[in-house]
Each structure stands twice: as C-alpha cells, then as structure tokens.
Participant: 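Dumping the structure here so I can ask a few things about it.
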Amino acid sequence: MWRGPWYVPQLRVLNLRNNSLIGIIPPSVGNASKMMNFSLSGNRFSGNIPKEVGNLSQLADMSLTDNQLTGSIPVELFNMSSLLSIHLRHNSLSGPLLLDQGNIVSNLEHLSISFNQISGCILSNICQLTELKVLSIAYNNITGEIPRNIDCLSKLEMFLIGGNPIKGTIPTSLGNISTLQYLYCGNNHIVGKIPPELGKLSKLRQLVIADNSNLIGQIPEAIFNISSLEVIVFSFNNLSGRIPTTTGLHLPNIKELSLAVNQIKGEIPLFITNASKLEILALNDNFLTGTIPNNLGNLHELQSLFLHHNQLSNEPRERELLFFNSLVDCKMLKYLQVGFNLLNGVLPNSIENLSSTIENFHIGHAHINGLIPTGISNMSGLMTLDFQGNNLTGNIPSDVGKLKQLQGLYLTNNKLQGHVPEAVCHLSNLVKLFLNGNELSGLIPECLGNLSMLQKLYLGSNKFSSKFPLSLWKMSGLLYLSVSQNSIEGEVPSDIGELKAIVGLHLHSNHFSGVIPTRFGELQNLQYLDLSNNSFFGRIPLSFANLISLEVLNLSSNALSGTIPKSLEKLSYLKSINVSFNDLEGEIPSGGVFANSTLQSFLGNKGLCGMHILEIPTCTINNPGKQSKLKEVVLKIVTPVIIASFLIFLLVSIWIMKRQKKGKSNDVEK
C-alpha cells in the first residue's frame, strides 16, 4: 500500500478489500478528510491502526477485518460522532476494550472486534455507547463479569460474548433489553442458573448459552414461549430437570433445538413434534426416558436427529421400532443417531423407505435384535452405517454392496454369521470396515485388497479359517489391521513390507507359523505389533531395531528361540514388551524399556537370565547362557593362547637340548 503522503481531499469511499495487499496503514490516511467509507478487509496489513484515523471527521464505516493488525484499538475511534460501524474482527489486536477516560462522544451502532486478543474487563463507560446495536466481542481474552447494568445498552440487538474467560452469572438485566435478537454466551466460565427474565425477550431469535460446565438448574419454561426464537442451544452445560411439557408451549419458528450433554431427565415433550420448521434436534447425552415419538414425521424440514446416549425405549409390547415408520416422511434427513439407548426391538422393513439423503445412520449399542433389513441398500446416500454392539443375527446382506457412497461400515459385536459377502468389495469409497466380534466364518475375501481407500480393517474375534489373503499384505494405505482370535493359518509372507503406512497390526491368537519375516523392519510407522499366541519359530529379527515408532511389542506364546536382540534398547518409543512363553535364552538387555520392570514380561523362557527381573534368575557362571558365552571365550581366546604357549615351550626345550648336546661334544674333543 502507498506509504507516502496522501492528498485526496475529495475521496469519499476507499474499498480495497480482498486484494492480498501487504504493508502498514500509513498515518497520512488521516488527510482524507471527506472519507465516509474505509474498507481494507481481507488483506495482509500489519502494524497498528494509526490514531490519525480519528481525523476523518465524516467517516461512517470502517472495516479492517481479516488482516494481521496488532496493537490496541485507538481511543480516538470512540470520539468520532460520525462513525457508526467499526469492523476489526480476525486480527491480533490487544489491550483493553475501552480506556476509562471519562466521557465518550459516539453514535456508534456496530462494534465488531471478535477473534482478537483484547483483554481486561468490560468497563462501565461502555454504557456511554447509547446507540449501540451490535456488540460482538467473542473469542478474545476478556475477563471479569458481564456488567450487572448491561441493560444500559437499551438499543442492543446482538450481544456476542462467547469464547472469553468471563465469570459470574448471567445478569437478569439482560431481560430488560427488549430489542435483543441474538445472544451468544458459549464457551465462557459462567456459573449459576439461566435467569427466567430472559423469557421477556419477545424479539429474541437466537439464544446460545453453551459450554459452561458450571451452569446449573432447570431451563426456564418462559423461554419456550418466545415465538420469535429460531435457535436454542444449551448444550454442554450441567443443566438438570425436565424439558417443559406444559400444554400451549409453542415455538413456531424454531429451526434448531440443542440441549445435548446435560443431565436433563423426563420424556421428549410432544410440542417439539409440532415445530414444523425444525431442522436440528439434538437431545443426546442426557437421561431422557420414555419412547421416541411416533410423529417425528411432522418435522418435514428435519435434517439432524441426535437422540443417542439416553435411556429411551421402545413402545411397550411392540416388537418393531415404530418410530422409523414416521421418519420416512422426513425427506431432508441427513444425520440419524439413536444409538446407546434401550430400544430393544427389531428394525422394521420401512427402513428401506428412509430418505436417500441420509448420510450418517447410527443405531449402535441400542439392544437391536433380528436381521439387517435388505432394504437398507435404498439409503443410497449413506456414508456411515453403525450397527455395532447389538444382537443382530443372520448374514450380512449382499445388498450392502449397493451403498456406493459408504465410507464407514460398523457391525462390531453382534451375532452375525456366514461369510463376508464379496459385494463388500464393491464399496470403493470404504475407509473403515469393522466386522470384529461376530460369528463370521469361511475365507476372508481376497477382493478386500482392492479397496484402495481402506485405512482400518477389523476382522478379529470371528471364526475365519484357512490362509490370510495375500492381497491384504500389499495394501500400502492401510493403517490398522486386526485379524486376532480366529483360526487363520500359514506363514506371514515377505510382502508384509508393503504395508508402508501400517500403525497397528494385530495377528494374535491364530495359527500363524514360520519365521517372522525380516521385512517387518521396513514398517517404520508401526506403533502396535501383536503376534502372540501363534506358532512362530526362529529368532526375533534383528530388523526389529528399525521399527522407530514402535510402542507396544507382544511376541508371547510362540516357539521363538535365540537371544533377545540388544539393539531393541535403542527403540526410544517402546513402552511395553512381552516375549513370555517362548524358548529364548541368554541375558536380557538392560537398557531402554528393559529397565522398567512394569512394562515387560519374560516368563516361561527357561534359558533367559537378567538382573533384578521378577521370576527371572540372575545371570551366573552356572547359568546355561553364561556357560555358552564362557565356552565361546575359551574356544576363541584361551585355547589359542595355550597352544601358542605349548609351541613356544617345545621350541625352547629343543633349543636347550641342542645346546646341551653341543656342549658334550666339545668336552669329548677336549
């Protein structure tokens, strides 16, 4: 931006927004004395806001949002009678909101400074901004309390103070600001109760008081009679009591009702099903009881239904979950979560008529019985299907392969039987496949290796047999693989090195055999490796020392032999090692994880010894491991020394004998 002196006496509007401009705002901007609109939003200006802006006596609107400005807000801005709007959000401004310098001459209507680093308390002279309609100071470092006399801002329409470490209670005087339309007090440190005086705010459209864990008490009934309300969010507090059920409560304009993560009890009130404009209903993570209403189909605009983690049940003496019949009429539904309840029923066939717009369907841990309806395939927009932790029986329907958008399929911990249908391999967008904890049998489909997007594959605790498909060892994008507690046999091939991204590999409790491939050492992202309870033999590969990310290693209950590689001491992230019940021998390394006796197990290896390890003998000369080392020393060092000494002695003896012979012959001659 031009840094030289400004001489633009007739300039009235300067709009340079969204141009990626850099530099500072020059003080000479104050020379543009007739400027009325000044906008530099969406650039990369840095430095301070020059106090010379206060010289712009006709300025009405100043917008400097989305820059990199620092320093404090010039106090001169609050003594410009022409200035109506100040927009400074999304910068790095600091210092106090207002300086306590007595009288303020201002007609300011809009003050937006959210997402900065403004600190200090809200000072009493804010009451001098008598024309203020919008006060947006969210997500700063403002402390103290909301002023008890906040109703001095009698024309306020929007009050956004969330995301600050504000303490204290919500002042009852807020209920006196009859013009208030938007109130946001989320993510503060507010305590106490929601004042019933807020029920007097007849023009209120959005009421958000969330993420205040010390906010207690019941929700005032009067709030549910504010007919203008469009959004009510009281989530993530510590509210208790019941949702008011008084006849006559009416929220004709409500679009979002979120009371999630509190301690609310009682039943879902029927008046909610008459809120025909409702788009989001979030009552999850409470203690709600009773049944899910059978007339939720009245909510034709409903997009999100979150009722999970409650104590909701099925209709008495009903086998099927009838509320699904009504949800068929919710043609805009995207998110359906009713899991972690006590539904205890069967999925009706009407589930096949649920909207194709549904993207996430969660009904896990809800005591669901019976079969997975084949008509589930009609929910063609599904991205996540979660039926885990129920009592589902029968086979996985092959029609599931028609869910082309599916990214997550969770069927963990049911009673499903039969084979995994090859139709699952048609789910080309699948990222997570959880089938563990069932009674599935037969072969694992080879075609699963064609799912190039797959990152997590859990097949453990089933009845799979035969060999593991070779294609799965080559899935370079796979992060987690678990086939534990099956009857899989055969060797782990050297292709294991192709699992370049693998983080967790769980093969324990199968019938794997053979030598552990040295290519395991190529898996440098591997953190968790469990090969226990198999029939692996041979030595622990020296290449394990290359597993630089390894945290947990379990090789117990195999037939491994040889010594524990001392190089494993260098694995700085290794926290736990278990090599118990093998045929290992020699001295246990003493550095790294081996120095922490609570994170290791070496039991059941008769040839191992070490220092200060529970139930492991101390290494002594009589120890077989020590004896073998001593023999090596004898063979390699002592034996050659003895032989050399004997040869030297023999040569010296021969030389002496020759000398003696020569001496005798000389005597004879004499």
Side-chain angles (χ1 to χ4, degrees), residues 109-112 114 122 126-127 129-138 145-164 166 168-188 190 192-212 215 217-237 239 241 243-246 248-260 262 264 269 271-272 274-283 299 301:
E109 296 179 358
H110 193 132
L111 177 59
S112 176
S114 295
I122 302 174
I126 199 169
C127 284
L129 301 176
T130 55
E131 301 298 318
L132 204 60
K133 295 181 179 179
V134 174
L135 179 57
S136 176
I137 55 178
E145 299 185 6
I146 302 172
R148 301 296 94 182
N149 63 335
I150 192 67
D151 57 342
C152 65
L153 302 175
S154 59
K155 297 182 179 180
L156 203 60
E157 297 175 4
M158 181 181 291
F159 183 35
L160 311 180
I161 197 173
N164 286 290
I166 293 282
T169 58
I170 300 171
T172 58
S173 60
L174 271 173
N176 298 329
I177 308 176
S178 59
T179 55
L180 198 61
Q181 298 180 39
Y182 301 90
L183 176 59
Y184 174 54
C185 298
N187 196 20
N188 299 116
I190 291 173
K193 298 181 178 181
I194 299 172
E197 287 80 1
L198 296 184
K200 298 187 298 181
L201 300 174
S202 60
K203 295 183 179 179
L204 198 62
R205 297 176 64 183
Q206 293 189 11
L207 176 58
V208 179
I209 306 175
D211 292 281
N212 290 282
L215 193 67
Q218 291 185 264
I219 302 171
E221 183 175 311
I223 287 174
F224 291 94
N225 266 326
I226 303 176
S227 60
S228 59
L229 268 173
E230 297 174 1
V231 174
I232 299 176
V233 178
F234 292 150
S235 300
F236 295 94
N237 293 302
L239 300 173
I243 304 172
T245 57
T246 305
L249 293 179
H250 193 41
L251 294 169
N253 294 300
I254 197 73
K255 294 180 179 179
E256 178 179 357
L257 177 59
S258 180
L259 311 178
N262 281 285
I264 297 172
F271 80 86
I272 289 178
N274 294 324
S276 59
K277 294 183 180 180
L278 195 63
E279 297 175 4
I280 300 173
L281 178 59
L283 305 178
L299 307 176
E301 305 293 321

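Here the structure is a predicted model, which means the values were calculated and not measured.
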Participant: Determine, step by step, whether L229 and I223 satisfy the side chain to side chain contact (heavy atoms under 4.5 Å, CB included) criterion, reporting the C-alpha distance in whole Å, the side-chain angles of both residues, the deciding distance to 0.1 Å, and the verdict.
Facilitator: CA-CA 9 Å; L229 268 173; I223 287 174; 4.1 Å; yes

Participant: I126 and L153: which non-hydrogen atoms are nearest, and at how many Å?
Facilitator: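 Minimum heavy-atom separation between I126 and L153: O-CD2, 3.4 Å.
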
Participant: Side-chain contact test, heavy atoms from C-beta onward, threshold under 4.5 Å: evaluate it for N149 versus C127 and give yes or no.
Facilitator: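 N149 vs C127: side chains touch.
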
Participant: Looking only at heavy atoms, which two atoms of L180 and M158 are closest? And how far apart?
Facilitator: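 For L180 and M158, the tightest heavy-atom pair comes out as CD1-N, 4.1 Å.
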
Participant: To the nearest 0.5 Å, how far apart are CG in L198 and CD1 in I170?
Facilitator: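 Interatomic distance, L198 CG to I170 CD1, rounded to 0.5 Å: 6.5 Å.
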
Participant: Rounded at 0.5 Å granularity, tell me how far OG in S235 sits from CD in E256.
Facilitator: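 Those atoms lie 7.5 Å apart.
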
Participant: Donor-acceptor pair, distance only, cut-off 3.5 Å: does the side chain of S114 make one with the backbone of A138?
Facilitator: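 It does hold such a pair.
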
Participant: Is there a side chain to side chain contact (heavy atoms under 4.5 Å, CB included) between L283 and L281? Walk through the geometry before answering.
Facilitator: CA-CA 6 Å; L283 305 178; L281 178 59; 3.8 Å; yes

Participant: Once rounded to the nearest 0.5 Å, what's the spacing between atom CG of L201 and atom CG of L174?
Facilitator: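 Result: 7.5 Å between the selected atoms.
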
Participant: Verify side chain to side chain contact (heavy atoms under 4.5 Å, CB included) between I161 and I146, making sure each step is shown before the conclusion.
Facilitator: CA-CA 9 Å; I161 197 173; I146 302 172; 3.9 Å; yes

Participant: Using modelled atom types only, decide if a donor and an acceptor are shared between the side chain of N212 and the backbone of C185 within a distance under 3.5 Å.
Facilitator: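 Yes, N212 side chain to C185 backbone: donor-acceptor pair under 3.5 Å.
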
Participant: Restricting to non-hydrogen atoms, name the atom on K155 and the atom on E131 that form the minimum distance, rounded to 0.1 Å.
Facilitator: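 Distance-wise, the nearest heavy atoms are NZ-OE1, 2.8 Å.
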
Participant: Report the distance from atom CZ of F236 to atom CG of N262, rounding to the nearest 0.5 Å.
Facilitator: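 It is 9.0 Å, given to the nearest 0.5 Å.
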
Participant: Any heavy-atom pair between the side chains of I137 and L135 that's under 4.5 Å?
Facilitator: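 Side-chain contact under 4.5 Å: yes.
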
Participant: Run the numbers on V134 and L160 for side chain to side chain contact (heavy atoms under 4.5 Å, CB included), then give the verdict.
Facilitator: CA-CA 8 Å; V134 174; L160 311 180; 6.0 Å; no

Participant: Minimum heavy-atom separation for P171 to P195, with atom names?
Facilitator: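 What the structure gives for the nearest pair is O-CG, 4.3 Å.
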
Participant: So, the side chain of S227 versus the backbone of L251: is there a donor-acceptor pair under 3.5 Å, distance only?
Facilitator: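 Side chain of S227 to backbone of L251, a donor-acceptor pair under 3.5 Å: no, none is there.
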
Participant: Measuring from atom CG of L257 to atom CZ of F224, what distance do you get when rounded to the nearest 0.5 angstrom?
Facilitator: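 The CG atom of L257 sits 6.0 Å away from the CZ atom of F224.
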
Participant: Identify the residue among R148, E145, K193 that makes a side chain to side chain donor-acceptor pair (under 3.5 Å) with T169.
Facilitator: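 The option that passes is R148.
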
Participant: If I compare all heavy atoms of L204 with all of Y182, which pair ends up nearest, and what's the gap?
Facilitator: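 Smallest interatomic distance, heavy atoms only, reads CD1-N, 4.1 Å.
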
Participant: Give me the atom names and distance for the closest heavy-atom approach of S173 to D151.
Facilitator: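 Answer, listing the atom of S173 first, then D151: O-CB, 3.3 Å.
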
Participant: Would you mind reporting whether V233 and L207 have side-chain heavy atoms less than 4.5 Å apart?
Facilitator: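 They are not in contact (no side-chain heavy atoms under 4.5 Å apart), so the answer is no.
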
Participant: Between T179 and L156 (side chain of the first, backbone of the second, donor and acceptor by atom type, cut-off under 3.5 Å), is there such a pair?
Facilitator: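 Yes, the answer is positive, given that a donor and an acceptor are paired below the 3.5 Å cut-off.
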
Participant: Please report the C-alpha distance between N187 and D211 in whole Å, then the side-chain angles of each, then the deciding distance to 0.1 Å, and finally whether the side chain to side chain donor-acceptor pair (under 3.5 Å) criterion is met.
Facilitator: CA-CA 5 Å; N187 196 20; D211 292 281; over 6 Å; no

Participant: Looking at E279 and K255, is any side-chain nitrogen of the basic one under 4.0 Å from a carboxylate oxygen of the acidic one?
Facilitator: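 No.
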
Participant: Is the shortest side-chain heavy-atom distance between L183 and V208 below 4.5 Å?
Facilitator: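 No, every pair of side-chain atoms sits at 4.5 Å or beyond.
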
Participant: How far does CD1 of I209 sit from CG of N188, to the nearest 0.5 angstrom?
Facilitator: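 The CD1 atom of I209 sits 10.0 Å away from the CG atom of N188.
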
